[in-house]
Each structure stands twice: as structure tokens, then as C-alpha cells.
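Everything on this sheet refers to the single structure shown next.
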Amino acid sequence: MMNQARNFSLRSVNTSKPQLARSESQQSVAASDDYYSFSERTSSPESLATAMRFRTPDSHAPSPAMSQIQLAQEDRESQRPPTSSTVRFVDDRAAHISPTSDGSRSNGTSRRSPSDYPGPSPTPGTDDSPYVRFAIDQITQDRTRGLQRNDSISTTTTGDYPTDRLIWDEGLGYFTRTRTPIRHDTPPVRPSYTSPSPQALPQTPMSVDPESFMAVDAPEKSMLYPPLDYLPLVLRPWALALTIFCCLLMIAGIVFCNVWSRGEEGLWNYVRQGDSRYFVLQFLPQIAAAIIIIWLFVIQAAVYRIAPFSMMSAERGQGLVMNRLPILSQNFIFPDFSHFRHGEALFGFSLFTIWLSNFFAIPLLSCLFQAKYYIIDGQGVWRWASVQSVGWTLVGLYGVLTLGLIMLFIRFLRGSSGLMWDPVSLADLVSIIQRSNILHDFEHSETVPSVRESLDPRVLRLGYWKLSSKAEIFYGIGEVDAPVRTPSLHQTGKSREDQPHGVTKVRFDLEHNGAFANDPQEQDHHLYSPSTRYRWTPWFLRNVPVFIWTLIVFALFVAFVAVSFINSAIEGGFPPKLPTLPSTSAFSSSNFLYSFIPALIGNVFFLAWQPVDVYFRALQPYAELSSPSGASAERSILLSYPSSYPFQVTIQAIINRHFKVAWISLMSLLSLAIPILAGGVFIALWFSDHDQIRIAAYLPAFYALIAFCGLYAVSFIAIWPGRRRYLPHDITTLADLMSYLYQSPLLSDKILREPRSKTDLVTRLIVAPPSERHLPLYGFGIYVGRDGKEHLGIDRFHRPGRADMLITTGDMN
């Protein structure tokens, strides 16, 4: 973005009546490194300016924090209309003032009080210190020109760049508003400012943002402002109604089997192990439950994905939705209660019912039917019967699940999601946060170990907005009635990158790598530190845990095979060690034990694989972005593996040559065969050779079970994450993702500016921009942010006028 700035010149200074005259300049000042601006306004190539930071010759070095505050104030105050003002000193007052640097001010100080300067105030009853400091800087400017500091950014220009100090606000840059730090011990308090009287000064120095965010409703029946009621396919009322209907069918089938079996003395005659009736009663119920479980995973992922947006749309929650509520599924082996903690009990209850069904449905269904001996017409016969206690437990389980789905149905039938389309990729998130007024909270958050612990609570809203002084309506996440804080995202002008003469290079910051190289804490937070760049991956995907899991799984598999075939234990059967004869309700202790326990163990293995699948899908865009040469949008910021359907992920990953993701996602489905087979493979039979009842295995199913277990064990070799899948911190929440984007020039990229549909967004990213011949590439590395400083995150790999992004992962994957 380009801001119109005013050039200050000191016309005359003498010991009797020093004056400061200010005149308007036509020079254009680059306030950011945005590649595209939000305006098509052009400017003359001869009108070039760059913002420099200077320090006066003084014993105190300016602090980096004050430099950031000064730049932020200059960026906000650059929009004020040009005015003229004059500062006069009273003749008989001795202006005994010592020039002190900005670095002597603390981060929490917003203005200098008159007591900060020795001697009386030049203007009685008025704080003239900002004007005094400005005059001193102008007087000493020639001496201090060589002391400027570029702060890790070298700028090469071939044009006529002015090197005068630029003061953009009416307060001459010395009334600054403290930037919100990355961590607050107490809630931030807006400082109060005392303005001089209007009679003393022509215009009052101001530092409060002149504009704020105002929540508005979209105009009705407007193509430019679509309704914010989008829901993923699986959460639409008809899709949820279909899922509820399937659960009701399961309930009806179980109730029928329970009632019929009790009144008609069983269901079917038992013929032999392995016939069609054996398959229908010992494997088919688990297969039906497995289909529902897979679909519930899809519903669960959609709920996690849009719950934070839905809650922000309704302005619910306790201010921690963005940085505490996960957007990736975590409801597998253990239930997730995070939605309860954030005030969304309906989502929490629905997810808990899904967890109950996923964990217990297959083990219970595997022992629903048992063979029982009946006397019919004076003859004894073995018949398949329904176990009453297990059947009614399943009815209750699916009844609770149905209730949870009905609550989801009502929630999305009556509420609004706040979304234009499904936010499934990084590009979707860019379009939502590109004009947000909370991005300042994320300063330096890309390198902190935990973003969620670094942000203060904020009650946010997702929807349409307008600025208090403008009629333009835009869409995104913001804080109601809060200042803009990022004016360059809402202003017009040309950015510095659009000027052909300016070249910005990323280079190594010698200050941080010198002064802080021996400080482990500082080094951990440094952009170039390997311990920062490769700090995080899910704990279960780190090298040591993966090695341990692999050893455990292989050991269990070897032990399972050895025990099964030594002394023909499976072929000849083994004693049950428990009572076998069914009770009047058809319950058999041995049959229940050898059906429920193997199925439960297999189900734990199946559910344990799901987080691996979820995180490999979510981390794949970052693995592509970490390629040393960058990646196309289709293979990186447009990837949406976490939201894809089963088998669709595998096909998409194979097409994109992401073979690890393809195999792991396929294995997440194939591993479901382990609990299905384990629950139906064993049954108690009479062995005449041994003259006793023994537990026998259905050998074809048992051999298939061994094959799937071996495949499961071997698959652990494929889950080594590799270097590209390590990140500075987690990616579980929206705040985690925003920390990699808050200073990215992608937020003001012209091709990503306010798309109105997902088709519009994708089309812009897969077609080369008009000014370029090739499709842009994107990367995850060190780039020059919109504030002119180095940041770690996501941006275009190459931008005209600057060096390529620095990516340090090398060729390791």
C-alpha cells in the first residue's frame, strides 16, 4: 500500500525565534511490502520515498520495541490531511533541552511528559515537547544521517529516494500508541492522552485511530455480498437427516432381533461355522456399523472445521475460540471436551455421542448374536439368538447418537455459519483474515512455542463490516468497535514493490546472530534458528515415539502369530476358561469375552491410526511449501485433504504424488477390518475329539486378520514425518495458522483480494496473473513482510523486486 506523506523541512531556525514550516509533498511513501495494492491508482516513478529510521547521537541505543512502535504510529498517522503549523519559542525562555533517543522510552510509554525535559516548557500551560524534539531532530539530522539502521533489510535503489526523516502524524511522530504485545499479563488498557489547548496549537496532536470496525448486515439480494449461511455438504439438513435415518434403521433392526429372538425361540438354525448365516450374524452387523463410523468421521471433521467460525458469527464463546478451539479432529481414542469449555455445549454433546458410538458400536455388535441350544417339538437344536442385554445396550447407544445428530440438525437449521464457502485450505483463510483488525496481536507469534498461550482473550465476530468513516462493506474476522490497527489493508495507493527501482533483499540478521547467539532463549525464538524452525510436530509423530510404536506393534504382531500357530492352538481350538452355556437371555461369558475383547483391541488400533491420518493430511501443504523451489497453489495453499472424503483423499494424493498421504489415508480405512474380523472370528464349539467345548476360530477370517495386522504393523514405517513436516509450533487452531500469515503480502495480493466464491478464488490462483507469464509459486520460509521486516511463514516464493524467499529445509522430506 502507498500512503501519501508530507515532507517536513526546517525553513529557518535562530536563537530568538526558531520556526518550523511544513509543506505538502507529492512524494509517495511505501509503508509496506505489499505486492498488490487495493487500488489501481498510479503514481509517478520519479516520486519515490522510503521510510528510514534514525537515532540521534546519544549514549542510549534505541530499543527494537520502540522502533516497532514508531513504525506502527507512522503507518497509522500517514493518512491525515496536510496542514501547516508553526512552532515558536518564547524569546526570554531558555530552551535547555538534551537530545535523547527514542530508545530511552519504555514500551509502555505513550507520550513524553514535560517533566522529561529539564527546564520550563517553552509555551506556558502547554506540552510542547513533541515539537521541541522534532526541531532538535531537524537540527541534528545532518550529523546523524550516517547512523541509520536498516534492521536486517538491505534496500538497493536506483531512483532518487529522499533520505529526509519522514514524520507522518500531526503529533510529529512522538505521540505513539503502544502496539499490543504478543503476551499480556493484564488486559490491555488504552492510554489516555492530554491534548494542548486549541489556543496554544493550530492542531492537536492525535494518536488514537480515527476509524473503527462497525458490524453491518449484508445488503439483501446483492450479488456482491452473498449470504453467510454456507454449510459443508455433510452438515446440511438433508444430509444430517439421512444419517439420522440410518441410525434409526440400526435401532429398528436391533429391536426387531431382540423381540423376535425372545418370542420365537431364536432367529435362525445354526448349521455350521462359516456358512452364509454365520457371515450375516457375525460380520454383517459390524460392517453396517463401520459404514456409519466412516461417515461420522466426515461429519466430525466438518464440525471441528466450522465450529470456530460459527461461534464467531454468533459472537459466542469466552474470547478464546480462535486460539483454543481446535479445527482438526481430536475425538478418537479419548473424547474431546473442548467445545464444552468454550460455551458450545451442543457441539460438545454431539461430538461426545459420536465418540461413544465409534468406540463401542463394533465391539458390542460383534457379540450381539450367539448360538443357543433350544428344545423345539421335543428335539434339541442349536439356533442363533440375540443377546438381550447387549441388544438393549446398543439401542441406547444408537439412541444417544441419534439425539446428538438431531441437536446438530437443529443447530445448523436455525443458526448461521457466517461462511461464504467451506474454509478447507490456507487460501480460504487468507480471504477471511486479509482485512482483519486483530492481526497486530500476532506480532512475532510465528516463532513462539505456543500461540494459544501468547494471545489475549478477544470476543471476535465473523461477518460483514464497514469502517466508521466509509461506506464500503467488506467481509472477515474482526473485533467490534475496535480500531483498524492495520490501515494499509484498507487504504489506497501503490506499494513499494510496484516500483521498478526498489529491490529488497532478505539477508542474515547479524545483530540477532551475534548478540543473541549465546542466549538459548533468544536463539529459540530466532527466525534462523533450527531449533525454532523444526521445533514442533505432533508428539506421536516424533522420531522417538514413532520408533517405540513401531517396536511395540511389531512385537505384538510377532507374539500374536506365534501364539496362534504354536501347537496348532488355533486349528485345534483352546479351552475357554469361562462358562460357555448361554443363559435364558442368550448371554455366554466365553463367547462374549472372545468376541468383545478382540474387537475392542482391534478398534483401539483402528482409532489410534486416525490422528496420524489427520495430521499427515493437515501437514502436507506445509511439506509442499517447504520445497526449496516452492510449490504451485494447487499442490500447496489450495490443498484440502482434511476435508476430503474417504478414498477421495487417496486418489487425490496419488494424482499429486503425495504417496505417504495416499497410503496413510488408505490404511485408515483398511485398519477398520481388524475389529470387524476380530469380533467374529471366534466362537465356542463342541469338539468331539476332546469331548469338551473349546473356542474355535473361523480360519479364513483368521488368516485375513493376520494379513491386515501385518499390513498395519508395516505401515508404521511410512509415518516417519521427515524434516518438512516439522514446524515452529502447532497448527491445530485458527490462531496457529494466522501466525504464519499475519504479515504475509498475500493478504494484500491483488489476485486474492476479496473473492466472492470458492470458484472465483481457485480460478485466480490457477491462472497466471496478467502481468506475469508463469504461475506463481508459494513457499514456507523467511520472507519480507508487509512491515518491511523479516518473518517466518507463507508467501509467494518469488516477487519482482526482491530476493526469493529463504527456505532452509533442503531436499529432506
Side-chain angles (χ1 to χ4, degrees), residues 232 234-235 293-294 296-312 317 320-342 344 347-348 350-352 354-355 358 417 419 422-429 432-433 450-453 536-542 606-625 636-646 648-649 652-653 658 660-661 664-665 668 719 721 725-741 780 794:
V234 297
L235 295 181
I293 287 174
I294 292 173
L296 289 177
F297 280 164
V298 178
I299 293 176
Q300 176 176 280
V303 171
Y304 271 95
R305 188 167 63 251
I306 75 165
F309 298 103
S310 180
M311 295 171 68
M312 285 189 286
L320 296 171
V321 172
M322 185 180 65
N323 55 319
R324 293 294 178 90
L325 199 64
I327 59 174
L328 298 176
S329 295
Q330 297 182 354
N331 202 39
F332 297 112
I333 294 182
F334 301 104
D336 180 21
F337 298 106
S338 58
H339 293 82
F340 285 108
R341 292 192 294 268
H342 294 284
E344 193 60 74
F347 283 151
S350 301
L351 291 174
F352 179 71
I354 290 175
W355 175 83
N358 293 345
S417 66
L419 296 169
D422 199 356
V424 297
S425 66
L426 292 170
D428 297 322
L429 183 60
I432 294 176
I433 68 172
S450 176
V451 177
R452 66 182 64 186
E453 301 295 338
W536 176 87
T537 197
W539 68 269
F540 50 83
L541 292 183
R542 295 173 185 170
F606 161 68
L607 294 175
W609 190 263
Q610 303 311 309
V612 178
D613 180 35
V614 167
Y615 273 94
F616 262 86
R617 295 194 204 184
L619 288 169
Q620 187 57 43
Y622 298 90
E624 282 292 325
L625 290 168
S636 57
I637 62 174
L638 282 177
L639 280 182
S640 57
Y641 289 151
S643 64
S644 298
Y645 298 115
Q648 180 188 13
V649 180
Q652 290 176 341
H658 299 152
K660 273 192 174 183
V661 175
I664 291 172
S665 296
S668 69
I719 71 173
R725 288 181 172 84
Y726 277 80
L727 296 171
H729 58 68
D730 203 348
I731 57 169
T732 302
T733 66
L734 283 176
D736 294 328
L737 302 182
M738 291 172 64
S739 68
Y740 295 136
L741 292 166
F780 183 91
I794 302 168

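For this chain, numbers begin at 1 and follow the sequence in order.
Ring centers of Phe540 and Tyr615: under 6.0 Å apart, within the cut-off.
Using a 4.5 Å heavy-atom threshold, the side chains of Ser739 and His729 count as touching. Counting only heavy atoms from C-beta outward, the side chains of Phe780 and Ser636 never approach each other to under 4.5 Å. Contact check for Leu619 versus Pro538: side-chain heavy atoms found under the 4.5 Å cut-off. With a 4.5 Å cut-off on side-chain heavy atoms, Trp609 and Phe332 do not count as touching. Contact of the Leu320 side chain with the Leu325 side chain is not registered, since no non-hydrogen atoms from C-beta on lie closer than 4.5 Å. Looking at heavy atoms from C-beta onward, Thr733 lies out of side-chain contact with Val451 at the 4.5 angstrom threshold. By the 4.5 Å heavy-atom criterion applied to side chains, Ile306 and Asp422 are counted as neighbours.
Using cut-offs of 30° and 60° on the angle between ring planes, the pair Phe340 and Phe337 is tilted.
Across all non-hydrogen atoms, the minimal contact from Leu541 to Ile719 is CD2-O, 4.0 Å. Shortest non-hydrogen contact noted between Pro326 and Pro308 is O-CG, 4.4 Å. Closest non-hydrogen pair, Ser640 versus Ser643, comes out as O-OG, 3.0 Å. Of all heavy-atom pairs between Tyr726 and Arg542, the closest is OH-CA, 3.8 Å. In terms of heavy-atom proximity, Pro335 sits nearest to Phe352 at CB-CD1, 4.0 Å. Contact record, Pro621 with Leu426: CB-CD1, 4.3 Å, taken as the closest heavy-atom pair.
Here Ile637 contributes atom CD1 and Leu741 contributes atom CG; the two are 9.0 Å apart, rounded to the nearest 0.5 Å. From Ile433, atom CD1 reaches atom CE of Met738 across 4.5 Å, with rounding to the nearest 0.5 Å. Distance CG/Asn331 to CD/Gln300: 4.5 Å, rounded to 0.5 Å. A distance of 9.5 Å separates CZ in Arg341 from CZ in Arg324, rounded to the nearest 0.5 Å. Atom-to-atom distance recorded for Tyr622:OH and Thr537:OG1 is 12.5 Å, nearest 0.5 angstrom. The line from CG of Asp736 to CD1 of Ile731 is 8.0 Å long, rounded to the nearest 0.5 Å.
Without hydrogens or angle criteria, Trp536 side chain to Ser450 main chain gives no donor-acceptor distance under 3.5 Å. The backbone N or O of Val661 lies less than 3.5 Å from a partner atom in the side chain of Ser665, making a donor-acceptor pair.
For the 3.5 Å distance criterion, the side chains of Gln610 and Ser329 fail to qualify, holding no donor opposite an acceptor.
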I'd like to know whether Leu734 forms a side-chain contact (heavy atoms from CB on, under 4.5 Å) with Met312, so could you lay out the CA-CA distance, the side-chain angles of the two residues, the decisive distance to 0.1 Å, and finally the verdict.
CA-CA 12 Å; Leu734 283 176; Met312 285 189 286; 3.7 Å; yes
Please report the C-alpha distance between Val321 and Glu344 in whole Å, then the side-chain angles of each, then the deciding distance to 0.1 Å, and finally whether the side-chain contact (heavy atoms from CB on, under 4.5 Å) criterion is met.
CA-CA 10 Å; Val321 172; Glu344 193 60 74; over 6 Å; no
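With sequence neighbours excluded, the residues forming a side-chain hydrogen bond (donor to acceptor under 3.5 Å, both in side chains) with Asp336 are Tyr304, Ser338, listed by chain and number. Glu624 meets the side-chain hydrogen bond (donor to acceptor under 3.5 Å, both in side chains) test with Arg635, His658; sequence neighbours excluded.
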